[in-house]
There are 2 protein chains.
Amino acid sequence: MGKKDTKERILDAAELLFAREGYHPTSLRAITKEADVNLAAVNYHFGSKEALIKEVIARRLLPLNALRSKRLQEVKDEAQRKKQKPPIKDVLRAFIEPTLKFRESGRGARAFVTLVGRAITEPDDTVRNIFMELIQPLFRQMFELADESLPHLPKDIILWRLHFAIGALTHTMHCMDKCIMPPPGVEQPGAQALSSIIIDYAAAGMESAHES
Amino acid sequence: MGKKDTKERILDAAELLFAREGYHPTSLRAITKEADVNLAAVNYHFGSKEALIKEVIARRLLPLNALRSKRLQEVKDEAQRKKQKPPIKDVLRAFIEPTLKFRESGRGARAFVTLVGRAITEPDDTVRNIFMELIQPLFRQMFELADESLPHLPKDIILWRLHFAIGALTHTMHCMDKCIMPPPGVEQPGAQALSSIIIDYAAAGMESAHES
DNA sequence: CAAAAATTCAAACGATCGTTTTAATCATAC
DNA sequence: GTATGATTAAAACGATCGTTTGAATTTTTG
């Protein structure tokens, strides 16, 4: 296997540096140097820095969302087959598990997860919208399935509780990178265990009673 | 009342713009123009852009953390007085309620909350550390109180569940700003109601059983 | 009021940014 | 082999960045 082509090398380097330094602080010069390509290659192959971050996000998020969507559909099908409501824990697992599993699948994937975790809070409208438009359909799908799972709850409660789960998940992924401030004597669970911990937590929160 | 002094006008403008555009993309020229002061005023009064963001954060976070710390201490005292374990919902409320209430107290406060919500994910080490060092003692205090509240749970479980609550809270505040993607026909609750919704959610997640 | 200190101001510094240009190099087709 | 198109290369563009300078101005002090 020879070295990858220019476009892929740029995408890999951009993914790494955008995750490590952020979108704005990362210069095209740093990216092209890391990728060992000419400075002009970014504008030649992608057109602009903005188009580059767009491709960096889409390259991984589209397959990941397809997987999550497939998992959600399986939960829905299984519920229909059993003529039961879909268990909320399965709904949450279909979204959360692929995310954390994908993060462990490699160096680039890990950088990417850091990157999209920050995309939600990104102040730059264009960058944030790139991510939002890709996540919106999946979030809608999960919301409708959660609504089927917990029909006794008001829709706005379900909506916010799903947001809480997403917030917990993204915050967790940031903490796994660098924000851990564990008190002395507290061990950190592995990624697999953490997956269960967060799913249990989110499911308990989703299922909790709600008196209007 | 005449106009505020230069330092305060700079802090207000910086708070607003850092929240709206982010730290790196916001230039000192934009800040000083918004504050209607000379460009050199920032370096004269604060020394550097980094020292400015430091003061922007500290100015509001120190009083807010003092309030949250006081609320936590009250929960601890009340539990000791009753010779009972502190209710986890009270622990969470002591942290969450002041945050959302503070956010509603004014335009600057709202911008500030947006700003610190993003500080956790900030890639720039110096900026993130400014925030981390200020939040660390409070987080530790909350952790120890939660540990008293739920002594049957392993410490690492408590730690991560607290992180989940913080993640849910910060994500919620981002959503209140701009990431809301409500499906059609779903009403959004007011800030007061939202405070209860998130506290109930976090408490249910904290209390959920844990089989090792 | 005059001297001294603090603050404001306009201007410029060197550095870095994303992007463009133009020529050189490579691959591919006839 | 030579012409054609795709890619790479080096260099420069104009713009903007944080910071500094030194004089003008305001405020404070004796």
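Within every chain, numbering begins at 1; the chains are lettered A, B, ... in the order of the sequence lines, protein sequences first and strands thereafter.
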For B/F95, what residues pass the ring-ring contact (aromatic ring centres under 6.0 Å, His included) criterion, not counting sequence neighbours? none
With side chain to side chain donor-acceptor pair (under 3.5 Å) as the rule and sequence neighbours excluded, what pairs involving residues 189-199 of chain A come up? none
Heavy-atom side-chain proximity of A/T114 to A/M176 below 4.5 angstrom: no
For A/K49 and C/dT20, give me the distance from atom NZ to atom C1', rounded to whole Å. 17 Å
Taken in chain and number order and not counting sequence neighbours, the residues that satisfy side chain to side chain donor-acceptor pair (under 3.5 Å) with A/R161 are A/S208
Could you work out, with side chain to side chain donor-acceptor pair (under 3.5 Å) as the rule, every residue matching A/T126, not counting sequence neighbours? A/D124
Pairs satisfying ring pair (Phe, Tyr, Trp, His ring centres under 6.0 Å), at least one member in residues 22-50 of chain A, at least two apart: A/F18-A/Y23
Under the rule for side chain to side chain contact (heavy atoms under 4.5 Å, CB included), what residues qualify as partners of A/E104, not counting sequence neighbours? A/A191
Residues which pass salt bridge (Lys or Arg N to Asp or Glu O under 4.0 Å) with A/K54, listed by chain and number, not counting sequence neighbours: none
How would you give the extent of chain A contacts on DNA chain D, as first and last nucleotide 5' to 3' within a 4.0 Å heavy-atom cut-off? D/dA6 to D/dA12
Comparing A/G47 and A/P25 on DNA chain C - which has the more 5′ nearest nucleotide: A/P25
For nucleotides 7-12 of chain C, print each protein N/O atom paired with a nucleotide N/O atom at under 3.5 Å, atom names and distance only.
{"unit_1": "C/dT7", "atom_1": "OP2", "unit_2": "B/Y44", "atom_2": "OH", "d": "3.0"}
{"unit_1": "C/dT8", "atom_1": "OP1", "unit_2": "B/T6", "atom_2": "OG1", "d": "2.3"}
{"unit_1": "C/dT8", "atom_1": "OP2", "unit_2": "B/H45", "atom_2": "NE2", "d": "2.7"}

Which part of the nucleic acid, if any, lies within reach of B/T26 when heavy atoms closer than 4.0 Å are counted: base, sugar-phosphate only, or nothing? sugar-phosphate
